[in-house]
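Structure record follows, encoded as structure tokens.
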Amino acid sequence: MEQKIDIEGQSIDILETEFLNIKQSTIKAVEAGNAEMQQICALSIDSEKAEVTQGAIGIARANKLSLNQCITGVSLAEHAEISASICPMSIGKTKAEVKKSAAGIVIGSNVEVKNSASVIVIGKNIEGNVTTLFDWKSALAVSLVAGGVYGLLRLFLKK
């Protein structure tokens, strides 16, 4: 039996369903097959396919994840698409798309970035226009310097 739930303007603890359409609500945990959400605040989302517009999410996990104008702590997906959003960590197993967004760490087999900023981008194939804080050479240099400073401090401050 396929179950479809439409919710608007409510505060919910835990919700588990096959099809979900939720608007202007807060929710602690969502587990759904197909979830469409607008203007929501959620602690965690676990779904086969999730589309979120104007949301604040702690952890979002889905096979296909689409975030538009969202703030997300961590997004994990087989295929992650982030547009006009802020996401400190985004992991797309096969593909990660970041468009006009700010991301801390983007990881994916195929990473496509358009007009976005990121601290670190890791991927087998990286395409697009991205501004990164560290490339692999500068990340290696910063790690070596930090390791050297840490080693010297431990040596000199040892009593």
Side-chain angles (χ1 to χ4, degrees), residues 11-16 22 24-32 35 37-159:
S11 181
I12 301 167
D13 284 336
I14 298 171
L15 183 62
E16 185 175 340
I22 187 168
Q24 299 176 345
S25 299
T26 60
I27 192 162
K28 286 186 182 174
V30 174
E31 188 171 327
M37 297 168 262
Q38 295 87 29
Q39 298 177 345
I40 59 112
C41 180
L43 185 58
S44 81
I45 296 172
D46 189 359
S47 179
E48 289 293 318
K49 181 180 177 187
E51 295 179 17
V52 183
T53 303
Q54 296 179 345
I57 306 159
I59 299 171
R61 188 174 67 189
N63 283 343
K64 181 160 180 10
L65 179 63
S66 176
L67 301 173
N68 186 18
Q69 299 176 1
C70 293
I71 296 176
T72 307
V74 177
S75 64
L76 308 166
E78 188 75 27
H79 179 142
E81 183 179 321
I82 300 166
S83 179
S85 299
I86 297 172
C87 185
M89 177 175 270
S90 175
I91 300 173
K93 188 175 179 183
T94 57
K95 187 166 187 177
E97 294 180 52
V98 182
K99 301 172 186 173
K100 296 180 182 176
S101 298
I105 300 171
V106 179
I107 301 171
S109 181
N110 296 309
V111 179
E112 184 179 329
V113 183
K114 295 181 181 175
N115 301 323
S116 297
S118 177
V119 177
I120 298 173
V121 177
I122 300 170
K124 187 176 179 182
N125 299 318
I126 300 172
E127 299 176 7
N129 181 13
V130 62
T131 304
T132 58
L133 184 60
F134 296 114
D135 62 357
W136 73 272
K137 293 176 188 174
S138 60
L140 180 63
V142 168
S143 298
L144 289 173
V145 169
V149 169
Y150 176 73
L152 287 172
L153 287 174
R154 282 199 54 137
L155 184 66
F156 291 131
L157 297 177
K158 199 174 192 180
K159 290 185 179 183

**Within-4.5 Å side-chain heavy-atom neighbours: Leu67 and Ser75** =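 Contact flag for Leu67/Ser75 side chains = yes.
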Between [atom1] on residue [X] and [atom2] on residue [Y], distance to nearest 0.5 Å:
X      : Y      : atom1 : atom2 : result
Glu78  : Lys49  : CD    : NZ    : 15.0 Å
Ile91  : Leu76  : CD1   : CG    : 5.0 Å
Ser109 : Ile122 : OG    : CD1   : 13.0 Å
Asn63  : His79  : CG    : NE2   : 11.5 Å

**Item:** For Ser90, the option from Thr72, Ile82, Ile107 that meets side-chain contact (heavy atoms from CB on, under 4.5 Å)
**Value:**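 Testing each of Thr72, Ile82, Ile107 against Ser90, the sole residue satisfying side-chain contact (heavy atoms from CB on, under 4.5 Å) is Ile82.
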**Message:** Just to verify, which of Thr53, Val52, Asn68 counts as forming a side-chain contact (heavy atoms from CB on, under 4.5 Å) with Gln38?
**Reply:**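 Result for side-chain contact (heavy atoms from CB on, under 4.5 Å) with Gln38: Thr53.
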Using side chain to side chain donor-acceptor pair (under 3.5 Å) as the criterion, list what pairs up with [X], not counting sequence neighbours.
X      : result
Thr131 : none
Asp13  : none
Gln39  : Gln24, Gln54

Any chance [atom1] of [X] has more than 12 other-residue heavy atoms, nucleotides or ligands included, within less than 6.0 Å?
X      : atom1 : result
Lys93  : NZ    : no
Ile59  : CD1   : no
Leu140 : CG    : yes

**Item:** Distance-minimising heavy-atom pair for Val119 and Thr132
**Value:**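 Here Val119 and Thr132 meet closest at O-CB, 4.1 Å.
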**Item:** Residue pair Lys28 / Leu43: nearest heavy atoms and the distance that separates them
**Value:**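 Here Lys28 and Leu43 meet closest at O-CB, 3.0 Å.
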Sequence neighbours excluded and cut-off under 3.5 Å, please list the side-chain donor-acceptor pairs for residues 146-153, or say none.
| unit_1 | atom_1 | unit_2 | atom_2 | d |
| --- | --- | --- | --- | --- |
| Tyr150 | OH | Arg154 | NH1 | 3.1 |

**Request:** Could you tell me whether a side-chain N or O of Ser101 sits under 3.5 Å from a main-chain N or O of Lys99, the two making a donor and an acceptor?
**Result:**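 Looks like yes, one N/O pair under 3.5 Å.
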**Message:** Donor-acceptor pair, distance only, cut-off 3.5 Å: does the side chain of Ser85 make one with the backbone of Cys70?
**Reply:**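 Such a contact is found between Ser85 side chain and Cys70 backbone.
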**Ser11 and Thr26 side chains, donor-acceptor separation under 3.5 Å** =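 Checked: Thr26/Ser11 side chains pair up, N/O donor to acceptor below 3.5 Å.
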**Request:** Please collect all salt bridge (Lys or Arg N to Asp or Glu O under 4.0 Å) contacts where either partner lies in residues 109-120, sequence neighbours excluded, each pair once.
**Result:**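 Those involving residues 109-120 are Lys95-Glu112, Glu112-Lys114.
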**Request:** Only counting residues at least two apart or in another chain, list the ones meeting side-chain contact (heavy atoms from CB on, under 4.5 Å) with Ala50.
**Result:**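 Testing Ala50 for side-chain contact (heavy atoms from CB on, under 4.5 Å), a comparison that skips the adjacent residues, returns Met37, Ile45, Ser47, Ala62, Leu65.
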